[in-house]
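The chains referred to below are lettered A, B, ... by the order of the sequence lines, with proteins before strands, and numbering in each begins at 1. All of these numbers come straight from a predicted model, not from anything done at the bench.
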Protein chains: 2
Amino acid sequence: MMASYPPVQSVTRSFAVLKELNRRKVTTVHDLHVATGLPKPTVVRLLETLIDAGYVSGDRRQGGYQVTSLVTSLSSGFHGDHLVVEAGRAWALLLTRRFVWPFSIAVLDKDCVVVRYSTVPDSPISPFHATINMRLSLVSRALGRAYLAFCPDSERKLLLKMLKTSTAPEDAMARYPKQFATVIKTIREQGFSERDPMVEPKNSCNIAVPIMQDKRVLGTLCTTYFKSAMTRKEAIDLFVEPLQIAAAHIAEDVDRLQSVPLVEDDLTSKTG
Amino acid sequence: MMASYPPVQSVTRSFAVLKELNRRKVTTVHDLHVATGLPKPTVVRLLETLIDAGYVSGDRRQGGYQVTSLVTSLSSGFHGDHLVVEAGRAWALLLTRRFVWPFSIAVLDKDCVVVRYSTVPDSPISPFHATINMRLSLVSRALGRAYLAFCPDSERKLLLKMLKTSTAPEDAMARYPKQFATVIKTIREQGFSERDPMVEPKNSCNIAVPIMQDKRVLGTLCTTYFKSAMTRKEAIDLFVEPLQIAAAHIAEDVDRLQSVPLVEDDLTSKTG
DNA sequence: GCTCAAAATTTCGCAGGGCGAAATGATGAG
DNA sequence: CTCATCATTTCGCCCTGCGAAATTTTGAGC
């Protein structure tokens, strides 16, 4: 279809508002005004339309607005997510319930990773955190570095080859193979990755681990924390082990989903 | 907030279009025109806006239009789904991949069940099937009947008491306790439920099983098939066991998610 | 390859729907 | 109680979204 119309302005605006509402648990009119640049009467009008449609609830007295369960109708037709994301969602929620900090899952997409699941909206202490569908560098971001460090050598060589020609500023270190090899080596030794300290935001840091299956990386799992809330050492002591345990469980769940028979005679034929 | 504006027409329309796109894998302009009642130029204009925003892709030559992975940004803030839904999603997808027919998961909500997950968009052979967020009768629908039949006696008595005053036509049988008790007894004996044959659509049927935990029903899982594609006996032979096996796995996953320690010393203290 | 029904796309004049500055109201920190 | 700030409401205006009609495209059937 060759586009015959310009985008419908109020529709584009309403999706910007809804997307913003999905980024946190509760959002105010002011928050939406700031995030979208829309005049407040416009924000209110669109909010009221979303409330009328059932996708949003709340008002000022409740501290703001939030999405309702009905928003699942707006994405229920998309099931193309990786099995690792399907299997990992509940574990990420479990981690946020246990530790309160936000957790995310990312998968490889060409020469970067994409956040496919995030519990940012469920965490009351959310540093600026990659929102869902955000593409993150394999070179400078924790979620990406965990992928690069733990994927098979042949895959890493291929990815690094692609990254050498990348013009993205955050991929710059890929053009210094020796320096970056040291980074990769350190990550492999310690079993987890962290964001390049040169990359914004500077008030937070994150820790990521790979989700492995048969020496392949299915995806990566990470948390983010405020530097003001704990030291790096405290964060490592607190998060690395639970991240690794959860990653192992996610991998087990993927295994089971891929191999469990659903009929008794399938089981019989396998043991037969 | 007291509503100060009428809903923005084009916004309401665009969500109706997007919701419809989520109901199936691929949708045509004609399909959307029929489902929403909107004139085709209006449908095309809204579609182009959704494409421009990245939530939809495709065109006539691809057989129609479909939602993209970006729609997950429109619901990512909602995480209030029951753990049974989180745990069950991947299993439902697995079932559809294995059997091609659609599968759904529902949970209790007051005096009916609500479909919280459905693989209808992933199944090329989708009979009219309950879409996500649809409320279904406990009395006449398979997903609801499976709940009623297998929940604890005390809970069933309470639900039946509520249902006796229901004016919904599909709950009518709740007012004939003896007749309905026979239905419940049969379902318990055979281990699965089916939709009341008097309820539309008549060209399909479904089979549902409970997802049990400690004698409580966490939710229900079902499939739908065309009567023209197989006999009732063939459907029972094909689906009941896999449904029951998948339901057992889902329940196990819920158990593990609720109880697994994420730190080694938690594990130590438990075994200590 | 042609016909033709049906679906898809495009045009464009029009009017009313959506807009946002300004005004007013509500809230809560100090 | 004051007052800064956020929330809500008003309402005149204008340009955005509309949809009938026209045109184009598609593919089934022969």
Donor on one side chain, acceptor on other, S137(A) and E170(A), under 3.5 Å:
no

Between R232(B) and E194(B), is the closest basic N to carboxylate O distance under 4.0 Å?
yes

Nearest-Å distance, CD (E48(A)) to P (dG17(C))?
17 Å

Donor-acceptor contact present, side-chain T68(A) to main-chain G54(A), <3.5 Å
yes

Nearest whole Å is fine: how far is dA6(C) P from K40(B) NZ?
11 Å

Rounded to the nearest angstrom, tell me the gap between atom CG in L38(A) and atom C1' in dT8(D).
16 Å

Among the candidates dC12(C), dT9(C), dC11(D), find the nucleotide nearest to the side-chain atoms of Y5(A).
dC12(C)

If I take atom CG in residue L46(B) and atom C1' in nucleotide dT16(D), what distance separates them, rounded to the nearest angstrom?
13 Å

Rounded distance (Å) that lies between atom P of dC19(C) and atom NE2 of H33(A)
15 Å

Regarding D196(B) and R141(B), does a basic nitrogen lie under 4.0 Å from an acidic carboxylate oxygen?
no

Any side-chain heavy atom of F226(B) within less than 4.5 Å of one from N203(B)?
yes

Look at the side-chain N and O atoms of Q9(B) and state whether any lies under 4.0 Å from the OP1 or OP2 oxygen of dC18(D).
yes

Using heavy-atom distances to pick each residue's nearest nucleotide on DNA chain C, tell me which of R45(B) and D31(B) is more 5'.
D31(B)

Under 4.0 Å between any heavy atoms, over every strand shown, what does P41(B) touch: base, sugar-phosphate, or nothing? Just pick one.
base

What is the separation between atom CG on L32(A) and atom P on dT8(D), rounded to the nearest whole Å?
11 Å

With a cut-off of less than 4.0 Å, is there a side-chain N or O of S10(B) near OP1 or OP2 of dT16(D)?
no

Would you kindly compare H30(A) and V8(A) by the position of their nearest DNA chain D nucleotide and give the one closer to the 5′ end?
H30(A)

Under 4.0 Å: is that the gap between some side-chain N or O of R13(A) and OP1 or OP2 of dG20(C)?
yes

Does a side-chain N or O from T42(A) land closer than 4.0 Å to OP1 or OP2 of dC19(C), or not?
no

Per T28(A) side chain, nearest of listed nucleotides dA7(C), dA7(D), dG17(D)
dA7(D)

